[in-house]
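Owing to the predicted nature of the structure, the values given are computational and were not obtained by experimental measurement. So you know, we letter chains A, B, ... as the sequences are listed, proteins then strands, and number each from 1.
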2 protein chains.
Amino acid sequence: MGRIQLVPSLAVDSGGWTSSKGYMNEIRTHSGVTLEDVAKAAGVSRSQASRALRNDPGVREDTKAHILATALKLNYTPNLAAQTLASRQSRAIGIVVGDILNPFEALLARECDQALRQTGYFAMLAVDGNVSSVRAFVDQRIAGLVLIGTPEETDDIVSASKLLPTVYVGRDLKAEGVESVSSDDTLGARLATEYLLKLGHREIAHVSGGHGAGARRREAAYRETMREGGLQPIVAAGRYNVDAGSAAADTLMARKKRPTAIFAANDLIALGVISRLAWLGYRVPDDVAVIGFDDIPLAASEPISLTTVRQKVPDMVSAAIDTVMKRLDDPAAPIRNMVVAPELIVRRSSGTEL
Amino acid sequence: MGRIQLVPSLAVDSGGWTSSKGYMNEIRTHSGVTLEDVAKAAGVSRSQASRALRNDPGVREDTKAHILATALKLNYTPNLAAQTLASRQSRAIGIVVGDILNPFEALLARECDQALRQTGYFAMLAVDGNVSSVRAFVDQRIAGLVLIGTPEETDDIVSASKLLPTVYVGRDLKAEGVESVSSDDTLGARLATEYLLKLGHREIAHVSGGHGAGARRREAAYRETMREGGLQPIVAAGRYNVDAGSAAADTLMARKKRPTAIFAANDLIALGVISRLAWLGYRVPDDVAVIGFDDIPLAASEPISLTTVRQKVPDMVSAAIDTVMKRLDDPAAPIRNMVVAPELIVRRSSGTEL
DNA sequence: GTGAAAGCGCTAACAT
DNA sequence: ATGTTAGCGCTTTCAC
């Protein structure tokens with residue numbers, strides 16, 4: 001605490017803001033106080049006041065302190081519009097979320113929102129992510145763009161990335177030349193499959209997540225791991241949602257040789273699998289062990305207690321923000337495509353050794 | 001379609017924008033074209049261009065048409081910062097969401113985001129809703145505020161509402177003098193309880209949602225309906241989440257006289273109840289009928305198929321936006337507290353008549 | 001109906 | 001290290 005949101009200029013420790021009660025917990029409108037007022041009250045020029053407030057070099061320490069104190073006393077808040085207009089660059093970062101109802105995307109979005117506030121920039125979110133949201137942001141001259149699960153069409157992402165610092169979170173876009181941060185799908189799927197193998201399962205099925213690159217990587221890694229174990233892969237085609245999991249459970253349990261373990265391409269699918277298994281009269285994990293992917297909050301809940309491959313959201317987000325910030329001060333920086341290693345979180349749904 | 005986001009000035013039918021392909025599907029940065037350029041190209045003054053673009057009265061129809069066409073041709077995009085600075089009012093509406101991981105709040109947020117784009121205003125979202133988000137928005141001189149499930153402390157809401165047009169969605173804040181849109185909790189709880197009664201259930205339990213006003217109203221309505229039916233209410237104290245539902249299921253099924261139906265204060269609780277019941281070996285709806293509240297997307301999924309009291313999100317949101325818009329052009333308008341009637345959506349989880 | 005002029009509140013050369 | 005001078009791109013009186 002002790003920092004003021006959106007006013008990086010005042011972020012230096014000024015010793016005047018009580019972090020307990022006081023200003024921090026009040027909501028006050030723009031006082032009507034301008035930089036001019038602060039300068040006048042502090043007995044300096046507008047430029048010096050501006051420099052001090054923005055922590056620009058070339059201001060004597062004591063002058064700066066005095067100006068800051070004055071600003072504080074007058075309850076000064078910079079006018080963002082004026083700042084943006086004069087400096088020709090805003091401190092807003094647009095976050096476009098494809099499907100905010102997808103818990104994993106919501107998780108990423110929330111983390112971005114929070115992480116951004118630490119940087120002196122602030123987030124503008126659009127949750128019905130599509131091209132028009134991106135365009136609206138561009139029109140607002142935002143400084144950078146964070147794309148989460150949207151838009152589907154890679155073309156739009158590519159064009160966006162040519163206009164302003166852009167990073168895509170959750171998918172690897174190296175091929176398209178767009179900066180991105182994603183999880184290592186291959187490693188994640190291996191982790192899950194190998195764990196099931198280690199528990200002694202032989203009939204391990206996989207419910208896929210569709211035809212996206214990530215889903216295909218997960219499926220491929222599952223297949224490879226199975227083959228390495230000398231086992232026959234069993235794949236039920238699915239999509240990243242609950243209903244697909246439910247349908248897959250039906251298909252899988254209808255086989256003559258029923259699987260004793262199911263690795264779902266994501267947690268939503270796993271939830272569908274579990275719910276449907278219960279309906280069919282099978283017990284998880286006693287009859288069937290289940291593992292998911294993502295680690296959405298629901299997975300950790302007591303009645304679900306889903307073993308899953310956790311995508312490290314905080315790591316991914318901080319990498320993403322870092323990427324945007326880097327590019328912001330060096331547009332010529334090399335394009336980075338970061339891949340974060342996921343980890344297996346063992347809970348009840350995977351059961352114990354057979 | 002045929003409208004340009006964020007540029008209400010150009011929103012008049014200009015006949016120049018192809019709604020299929022064309023400009024609408026391209027992303028282009030700010031052309032660098034200013035109002036000055038448009039005016040010059042159209043052979044008029046900056047003021048006239050400004051008026052025409054904003055649909056101000058006092059511009060001859062043909063002049064206006066000409067200016068609009070020119071702007072279009074030059075691919076002009078107004079500089080939002082300049083507009084805000086000069087007019088001293090922005091077209092941004094802040095949406096603060098308390099918990100974006102709550103599907104119901106996400107539903108409201110998404111709807112708001114979409115609805116707002118139709119109004120000429122645009123949404124700025126903060127998803128880690130707390131007072132500081134509100135303050136940050138105020139500092140940005142947003143035009144209005146939509147609060148969704150946040151902040152907990154009513155004081156902050158009240159102070160926010162004094163600063164700028166504010167509406168709270170999802171809770172009734174009449175007592176606090178803050179405009180709000182909410183669902184009729186009493187009606188909703190009655191609907192659910194009466195339906196269970198009608199099916200022939202006698203041992204109907206309720207899992208409450210805590211101590212908030214809404215949760216208390218739901219519980220009260222449940223109790224009253226039970227008493228009217230000559231039955232003894234059975235209440236398990238809970239909170240609006242999955243784990244509470246799970247715990248409540250344990251408690252309830254441990255009773256000597258087990259309930260044959262459970263009305264959960266919201267869908268998340270219901271999900272917890274259902275999951276736990278499955279674990280305990282009970283079948284839904286055969287052994288226990290379950291009804292929720294909210295109608296989150298998960299409720300409609302095949303394996304869950306939850307009967308629930310649907311809060312009419314689109315109605316609530318359009319009422320909320322309408323409220324903000326009304327107050328925007330008349331700060332003295334009477335305070336409105338709208339209550340929307342929910343409806344019972346019958347699915348599999350409530351079973352059939354006993 | 002139209003144009004000229006004066007800012008909005010700030011940043012960024014350019015001086016000193 | 002500090003002050004002076006121009007704008008940033010738009011809206012908005014105020015004249016005509």
Side-chain angles (χ1 to χ4, degrees), chain A residues 6-10 29-68 70-71 74-92 120 139-141 143, chain B residues 6-10 29-67 70-71 74-92 139-141 143:
Chain A
L6 297 189
V7 194
S9 38
L10 291 181
T29 191
H30 178 47
S31 21
V33 180
T34 73
L35 187 58
E36 177 92 56
D37 300 327
V38 175
K40 210 165 286 176
V44 297
S45 72
R46 239 173 34 223
S47 358
Q48 273 309 73
S50 172
R51 292 189 188 104
L53 257 11
R54 277 173 307 124
N55 227 327
D56 251 23
V59 183
R60 235 178 30 220
E61 274 310 320
D62 54 329
T63 339
K64 183 192 291 187
H66 178 221
I67 295 176
L68 254 40
T70 312
L74 296 187
N75 194 25
Y76 167 73
T77 333
N79 181 317
L80 236 62
Q83 278 186 164
T84 305
L85 183 56
S87 68
R88 250 158 288 184
Q89 57 144 23
S90 93
R91 291 187 120 359
D139 286 353
Q140 285 180 62
R141 284 129 186 99
Chain B
L6 298 189
V7 194
S9 39
L10 292 180
T29 191
H30 179 47
S31 23
V33 180
T34 73
L35 187 57
E36 178 91 55
D37 300 329
V38 175
K40 210 164 283 175
V44 297
S45 72
R46 234 170 41 218
S47 355
Q48 275 309 75
S50 172
R51 293 189 186 102
L53 258 10
R54 276 173 309 124
N55 227 329
D56 251 23
V59 183
R60 235 178 31 220
E61 274 309 321
D62 53 330
T63 338
K64 184 193 291 188
H66 178 220
I67 295 175
T70 313
L74 296 185
N75 194 25
Y76 168 72
T77 333
N79 182 316
L80 236 63
Q83 279 187 163
T84 306
L85 183 57
S87 68
R88 254 157 281 184
Q89 58 147 20
S90 93
R91 290 185 113 13
D139 286 352
Q140 285 179 64
R141 285 123 184 104

Rounding to a whole Å, what distance do you find between L35(B):CG and dT11(D):P? 6 Å
Examine dG3(D): is either OP1 or OP2 under 4.0 Å from a nitrogen or oxygen in the side chain of Q48(A)? Give yes or no. no
Would you mind reading off the distance between D56(B) atom CG and dG1(C) atom P, rounded to a whole angstrom? 12 Å
Say whether, by atom type as modelled, one donor and one acceptor occur between the side chain of T63(A) and the main chain of V59(A) under 3.5 angstrom. no
OP1 or OP2 of dT11(C) under 4.0 Å from side-chain N/O of S87(A): no
Between P of dG9(D) and CZ of R54(B), the distance in whole Å: 17 Å
Per nearest nucleotide of DNA chain C, the residue lying toward the 5' end, A86(A) or V44(B), is V44(B)
Gap between atoms CD and P, on Q89(B) and dC8(C) respectively (whole Å): 17 Å
Please tabulate the protein-to-nucleotide N/O contacts below 3.5 Å involving nucleotides 13-15 of chain C, giving atom names and distances.
unit_1  : atom_1 : unit_2 : atom_2 : d
dA13(C) : N6     : R51(A) : NH2    : 3.1

When the distance from CG of L80(A) to P of dC8(D) is rounded to whole Å, what number comes out? 20 Å
How long is the line joining CG of L85(B) and P of dC10(D), in whole Å? 12 Å
What is the distance from CG of N55(A) to P of dA1(D), rounded to the nearest Å? 14 Å
Nearest heavy-atom contact between A49(A) and A39(A) is CB-CB, 4.0 Å
Between C1' on dT11(C) and CZ on R88(A), what's the gap in Å once rounded to a whole number? 9 Å
Pick one: which of S50(A), P78(A), S90(A) meets side chain to side chain contact (heavy atoms under 4.5 Å, CB included) with Q83(A)? P78(A)
For a quick check of understanding: with a heavy-atom distance under 4.0 Å over all strands, which category does T63(B) fall into, base, sugar-phosphate or nothing? sugar-phosphate
Rounded at 0.5 Å granularity, tell me how far CD in Q48(A) sits from CZ in R60(A). 9.5 Å
So, OP1 or OP2 of dG9(C): does either fall under 4.0 Å of a side-chain N or O from T34(A)? no
So, is Q83(A) close to the dT11(C) phosphate, meaning a side-chain N or O under 4.0 Å from OP1 or OP2? yes
Does R46(B) make a side-chain N or O approach to OP1 or OP2 of dA5(C) shorter than 4.0 Å? no
Any heavy-atom pair between the side chains of V38(B) and V33(B) that's under 4.5 Å? yes
Quick one: closest heavy-atom pair of L85(A) and A81(B), and the distance? N-CB, 4.0 Å
Are any of S50(A)'s side-chain N or O atoms less than 4.0 Å away from OP1 or OP2 of dT11(C)? yes
Starting at OG1 of T70(A), measure out to CG of D37(A) and round the result to the nearest 0.5 Å. 11.5 Å
